[in-house]
There are 2 protein chains.
Amino acid sequence: MTRILVVDDDSVLQRTLRINLRARGHEVLLAGTGEQALATFLSEQPELVILDLGLPDLDGVEVLRRLRKRSGVPVIVLSARQEADDKVEALDEGADDYVSKPFSIDELLARVRAAVRRAGSDPDTPETIEADGLVLDFAANRATRDGHPVHLTPTEWRLLAELARHRGRVVSHEDLLRAVWGPHYGRERQYLRVFANQLRRKLEVDPAHPRHLVNEPGLGYRLELG
Amino acid sequence: MTRILVVDDDSVLQRTLRINLRARGHEVLLAGTGEQALATFLSEQPELVILDLGLPDLDGVEVLRRLRKRSGVPVIVLSARQEADDKVEALDEGADDYVSKPFSIDELLARVRAAVRRAGSDPDTPETIEADGLVLDFAANRATRDGHPVHLTPTEWRLLAELARHRGRVVSHEDLLRAVWGPHYGRERQYLRVFANQLRRKLEVDPAHPRHLVNEPGLGYRLELG
DNA sequence: CCGACGCGTTAGGGAAGCGTCAAGATCGGT
DNA sequence: ACCGATCTTGACGCTTCCCTAACGCGTCGG
């Protein structure tokens, strides 16, 4: 989904972040020093940087400053308690957010989500879709058919959103399962049958002859819109 | 332009700030003590607070803490060099930025601009909302249902305000908890149940069948108006 | 002609989420 | 130090949702 550069000399933290961010579907690049961070940034062009201020070689703020010379990439700064001055300096240099150590993984992940969201939502995932009498509002989590509100469950929303991202194209069973249920899934096609059926009953005019949520036997499902 | 509360016991600095901020088109309120600051804040509802940590009566951090109980107003903290610990504490309590004395007026003004800009880019923070017999006045912290005044506690206001910012859209449990209780929260959904229940009992005509504060199981809550 | 396979459809049980109430715990003001 | 208001925490019953196991239908290939 998003390519994220993690700059930290603590290998434990590196590992923790890599695992958690990967589980969220991000691609993770690692750097242990400031020099390495700058080099990796230039060659890989990540879309988000998580930067620890306490680095062995360069001052973290200096790394940020050099990044800012080349790019407006979102940067989340990590800092230890006693580095309060650095924190403010980092904000001045254009850091987007900061998190004080010690922090919970959940908190950092939430800020990553916020940063990614701010950086510009996926152009692939539209906020609202309208076709025939069908209106899907992914931003507000509302759906209506012929003006009548339809209630969708969380899993139904996730499945529908994944199909909407690739609307008009077939999405494989495996991809759908991974996107909706998580990276450990891929073979449970029964799930898809059940939830596709539920969505059709709620969204299609004639659920027995679906015009929007179409199955491609042996391949996957496709969302067809106007 | 913006209404700014300056809290400082140094009359020279008060004067300097008043002149400079007025020159920038801001309305300036002054307070020399913590008590006065809190009183003025409640009555005048400024959009930004500049707070000196070295006050004659209350601890500056204590003033900030009490402000945060009532409001998410942006706060810029001023502190002398030797108060480094207070600085960290202030950031943890939710200060948006801080400036170390001695500082240049230009530097402070730059931070004021930044704070105002950040606050302004927030999704529309409504001042008043009216629907059915329900009137919510976020500027004055007053609510009435069918003309009868309803008393809401600080936490209830903050939850309601966060929902109102995104009215019509589902706000996730996580986002609500972070916005109302702080960045370290995210999993404590029972808080939301309790306070949603309290708000419904106070605001809904039929609390058992809410028409405004609606739950979306597994997703979050939505404030429905009009 | 028949078995294998993929898909649609339905329903039930268990788990998770939610509303509700009330008893501590905390905090601010008197 | 006390009291009232507010927030936290735990417990309980109810609702919603997800997983799972059926069964039927059609298609395809042997």
Side-chain angles (χ1 to χ4, degrees), chain A residues 141 150-160 170-174 176-177 180-182 184-185 187-204 206-222, chain B residues 34-35 37-39 41-42 57-59 61-70 93 141 150-160 170-174 176-177 180-182 184-204 206-222:
Chain A
N141 289 96
V150 176
H151 178 78
L152 301 183
T153 71
T155 307
E156 287 163 3
W157 275 115
R158 286 203 297 273
L159 177 56
L160 196 55
V170 180
V171 188
S172 74
H173 305 98
E174 210 173 301
L176 283 174
L177 285 164
V180 176
W181 277 268
H184 302 308
Y185 291 78
R187 279 184 258 283
E188 300 71 359
R189 301 194 176 180
Q190 173 68 4
Y191 294 7
L192 293 177
R193 295 199 205 100
V194 172
F195 278 89
N197 179 28
Q198 284 179 357
L199 279 175
R200 294 203 264 240
R201 276 199 291 185
K202 293 180 179 182
L203 301 178
E204 297 278 359
D206 180 5
H209 303 94
R211 300 184 52 237
H212 298 113
L213 209 169
V214 185
N215 171 258
E216 300 283 351
L219 297 176
Y221 290 85
R222 180 163 51 92
Chain B
E35 294 293 355
L38 291 168
F41 176 79
L42 290 178
D57 55 343
L58 286 175
D59 179 15
V61 177
E62 179 61 24
V63 175
L64 174 57
R65 196 172 291 132
R66 295 199 197 176
L67 278 178
R68 274 286 167 271
K69 287 213 156 182
R70 318 221 155 235
E93 288 295 335
N141 278 33
V150 176
H151 173 73
L152 300 183
T153 71
T155 306
E156 287 164 3
W157 270 115
R158 300 220 278 166
L159 177 56
L160 193 56
V170 176
V171 188
S172 74
H173 307 96
E174 225 179 27
L176 284 173
L177 285 164
V180 175
W181 277 269
H184 302 305
Y185 292 78
R187 293 190 185 284
E188 301 68 1
R189 299 192 178 183
Q190 62 271 27
Y191 292 8
L192 294 177
R193 293 198 213 103
V194 171
F195 279 87
N197 183 18
Q198 285 177 354
L199 280 175
R200 294 204 262 240
R201 276 199 288 186
K202 293 181 179 182
L203 302 178
E204 296 277 359
D206 180 4
H209 304 94
R211 300 183 52 236
H212 298 112
L213 209 168
V214 185
N215 171 257
E216 299 282 350
L219 294 174
Y221 289 85
R222 181 214 313 272

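Every chain is numbered from 1 and lettered A, B, ... according to where its sequence line falls, protein lines coming before strand lines.
Of the candidates C:dG6, C:dT20, D:dC17, the closest approach to any side-chain atom of B:Ala208 belongs to C:dT20. For A:Asn197, counting side-chain heavy atoms from C-beta on, the closest listed nucleotide (C:dT10, D:dT9, D:dT16) is C:dT10. Among the nucleotides D:dT6, D:dG10, C:dG28, the one closest to the side chain of B:Pro154 is D:dT6. Of all nucleotides listed (C:dG28, C:dG8, D:dC17), C:dG28 comes nearest to the side chain of B:Glu62.
Here B:Tyr191 reaches the OP1 or OP2 of D:dT9: one of its side-chain N or O atoms lies under 4.0 Å away. Taking side-chain N and O atoms only, B:Thr153 has a distance below 4.0 Å to OP1 or OP2 of D:dC7. Considering only side-chain N and O atoms, A:His173 lies nowhere under 4.0 angstrom from the phosphate OP1 or OP2 of C:dG6. Between A:His151 and D:dT16 there is no side-chain N or O to OP1 or OP2 distance below 4.0 Å. At C:dT9, none of the side-chain N or O atoms of A:Arg193 fall inside 4.0 Å of OP1 or OP2 (strictly under the cut-off). B:Trp181 has a side-chain polar atom (N or O) that falls below the 4.0 Å cut-off from OP1 or OP2 of D:dT8. In terms of phosphate contacts, A:Arg189 brings no side-chain nitrogen or oxygen within less than 4.0 Å of OP1 or OP2 of C:dC5. Within the structure, a side-chain polar atom (N or O) of A:Tyr221 is placed less than 4.0 Å from OP1 or OP2 of C:dG8.
Across all strands, B:Asn215 comes closer than 4.0 Å only to sugar-phosphate atoms, never to a base (heavy-atom distances). Using a 4.0 Å heavy-atom distance criterion, B:Arg65 is classed as making no nucleic acid contact. Residue contacts shown for B:Glu188 are absent, as no nucleic acid heavy atom lies under 4.0 Å away. Nucleic acid contact class of B:Gln198 (heavy atoms, under 4.0 Å, all strands): none.
If you run side chain to side chain contact (heavy atoms under 4.5 Å, CB included) between B:Tyr221 and each of B:Leu199, B:Leu192, B:Val214, only B:Leu192 comes through.
Positionally, the nearest nucleotide of DNA chain C for A:Gly220 lies more toward the 5' end than for the other of B:Pro217 and A:Gly220.
Between A:Gln198 and A:Arg201, the side chains place no donor N or O within less than 3.5 Å of an acceptor N or O (distance only, hydrogens not considered).
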